[in-house]
Student: 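For reference, the structure I am asking about is given below.
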Amino acid sequence: MSDTTQSSTQTVESSFAQFSLSEIINNNLDSLGYRSPTPIQAQAIPHVLAGKDVLAGAQTGTGKTAAFGVPVIQQLMDKSATPRCAHNAIRSLILTPTRELAQQVFDNLVPLAQETGIKIVVAYGGTSMGVQTKNLKGGADILVATPGRLLDHQHVRNITLAECEYLVLDEADRMLDMGFMPDLNRILRRLPKARQTLMFSATFEQRIKALAHRIMSTPVEVQVTPENTTADTVTQMVYPVDKSRKHELLAYLIGSKNWQQVLVFTKTKQGSDALAKELKLDGIKAASINGDKSQGARQKALDDFKSGQVRALIATDVAARGLDIQQLAQVVNFDLPYKAEDYIHRIGRTGRAGQTGLAVSLMSHDEQYLLEAIERLLDTRLPQEWLAGFEPKPLSEIESDKPIKGRSRSSDKRRMKAKMKIHANRGKKR
Ligand code: AMP
């Protein structure tokens, strides 16, 4: 790597004027309320404008999308006075690991490209090819896509990548984790060698650097946070609690602290559905978002959460990728993640763009080793607190007190209450 720079995660006291962007883009930034560049923007934009390959290490929520979006849009505009695509050519390609992130990036780029004449299209799986095919007619200046759907379009010749000048890999670490390498290799083979490549990644593992070396040409490395850290705007707290009382504690926290919008992570799809049901029984409006749900159901849950109709959104790690919810104040780890890096991704959902946030982890005895892995990765100890009334039982008691058929007494009580309510309602109907 030819250059390495570091700075804090806070906003920098400078203006976008330093980049000599076009007036239209400056106006768009102004309309979006982007007054000064975030650190990743301040560091990456000049290198991208200078035509260099860039490997950027930045956490989720640090303004990554504009860090690549602004200079790519600017360059596309510079190269053609009246930007228009010929045939089915794609001029720049942005790959994301999930559908939600693809949509999110698209939503962020469109207002940045307002009035520029730059055509942006989004394509991801789980939705029909038809509309995307229509949108791709005549090519696109920017295509935001997930790898599988991109290859589908390429296969039926809806697009050609032969003239693609820019490639952006967003959340590159996650792409590797999710087994996209074979698809990625197929895509890379279809792209011209002479192109500018930008890679953005929250975590900066060796594998990422190896990939970067393979597909990039002497990239500039910019990293705005030390490796594997969490934003310092996020307050973190761990509550040790018995496994069987986690949902009770969560309901208590939501109610007593009057959290109006909380994103909750579970490790399994089934767990996310079950927890949403439990919270609903407690009278808390909740919805789950996971890979088993249709795209429509996922989008509805997300929209309801964003609009405040749903108070608790329960998500798995994969489903949560790309969720950008403005001013999300609370994130809860209902289960600690198996992979310590996921902790960073999860809590990166709060404390975005310099705002404060709270990340709470509910830890049962058997998750102690997961917390230790997180602390090793972050090289710090996370504060722990026993919450009055929810103190965990000593280990010896837990061993001798395993619930019969895996059910807790409290959830039995609640189910009974719910049943009684249903019976009462039936009585009314009659
Ligand atoms: P991202 O990391 O691209 O997902 O961006 C996270 C959030 O920060 C998004 O909601 C952006 O709209 C917002 N954002 C990006 N750049 C800036 C900026 N320079 N000033 C204020 N907000 C920004």
Side-chain angles (χ1 to χ4, degrees), residues 7-19 21 25-46 48-49 54 56-74 94-114 120 122 142 144 168-175 198-204 222-225 229-234 261 263 302-303 305-307 320-329 331 344-357:
S7 78
S8 81
T9 53
Q10 301 303 305
T11 48
V12 264
E13 285 314 316
S14 57
S15 98
F16 282 99
Q18 64 183 299
F19 305 130
L21 300 166
I25 295 185
N26 276 325
N27 288 343
N28 291 341
L29 290 165
D30 209 45
S31 311
L32 282 165
Y34 294 6
R35 300 279 170 260
S36 51
T38 63
I40 192 63
Q41 290 162 2
Q43 298 200 31
I45 290 174
V48 183
L49 287 173
V54 175
Q59 290 167 257
T60 308
T62 51
K64 285 188 293 174
T65 315
F68 60 75
V70 166
V72 165
I73 292 169
Q74 180 68 58
I94 299 169
L95 290 176
T96 71
T98 65
R99 299 158 183 183
E100 282 82 5
L101 184 58
Q103 185 65 47
Q104 192 65 62
V105 168
F106 174 78
D107 290 344
N108 279 347
L109 290 181
V110 167
L112 285 172
Q114 206 70 37
I120 310 178
V122 65
I142 300 178
V144 187
V168 181
L169 298 186
D170 198 6
E171 305 210 342
D173 51 342
R174 187 45 60 123
M175 279 210 192
L198 315 172
M199 265 174 61
F200 285 74
S201 180
T203 49
F204 230 167
V222 296
Q223 191 168 7
V224 294
T225 51
T229 59
T230 50
D232 49 18
T233 48
V234 180
Q261 204 183 38
L263 181 60
L302 183 58
D303 290 345
F305 184 58
K306 282 185 171 180
S307 69
R321 299 302 290 173
L323 297 188
D324 176 31
I325 300 136
Q326 295 287 333
Q327 295 172 3
L328 179 59
V331 167
I344 297 173
H345 289 300
R346 286 178 176 192
I347 80 165
R349 305 281 141 201
T350 182
R352 293 192 146 206
Q355 295 183 354
T356 56

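In listed order, ligands and their atoms are each counted from 1. Throughout, numbering of the chain's residues begins at 1 and tracks the sequence. Just so we're clear, the structure is a prediction, and the values are computed from it rather than from any experiment.
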Student: Test V144 against every option in V110, T96, L95 by the side-chain contact (heavy atoms from CB on, under 4.5 Å) rule and name the one that passes.
Tutor: T96
Student: For ligand 1, note which part of Q104 has a heavy atom under 4.0 Å away: side chain, backbone, both or neither.
Tutor: neither
Student: As a check for students: among G63, A66, P39, identify the option with a heavy atom nearest to atom 5 (O) of ligand 1.
Tutor: G63
Student: Using a 4.0 Å cutoff against the non-hydrogen atoms of T65, which atoms of ligand 1 qualify?
Tutor: 1 (P), 3 (O), 4 (O)
Student: Evaluate F16 against Q41 for side chain to side chain contact (heavy atoms under 4.5 Å, CB included), listing each step before the verdict.
Tutor: CA-CA 9 Å; F16 282 99; Q41 290 162 2; 3.5 Å; yes
Student: Picking from V54, I25, L49, what satisfies side-chain contact (heavy atoms from CB on, under 4.5 Å) with P71?
Tutor: L49
Student: Measure F16 to ligand 1 on non-hydrogen atoms and call it side chain, backbone, both or neither using the 4.0 Å cut-off.
Tutor: side chain
Student: For ligand 1, note which part of S36 has a heavy atom under 4.0 Å away: side chain, backbone, both or neither.
Tutor: backbone
Student: Is a side-chain donor or acceptor of N28 paired with a backbone partner of Q114 at a separation under 3.5 angstrom?
Tutor: yes
Student: Supply the atom-to-atom distance Q103 CD to L302 CG, rounded to the nearest 0.5 angstrom.
Tutor: 10.0 Å
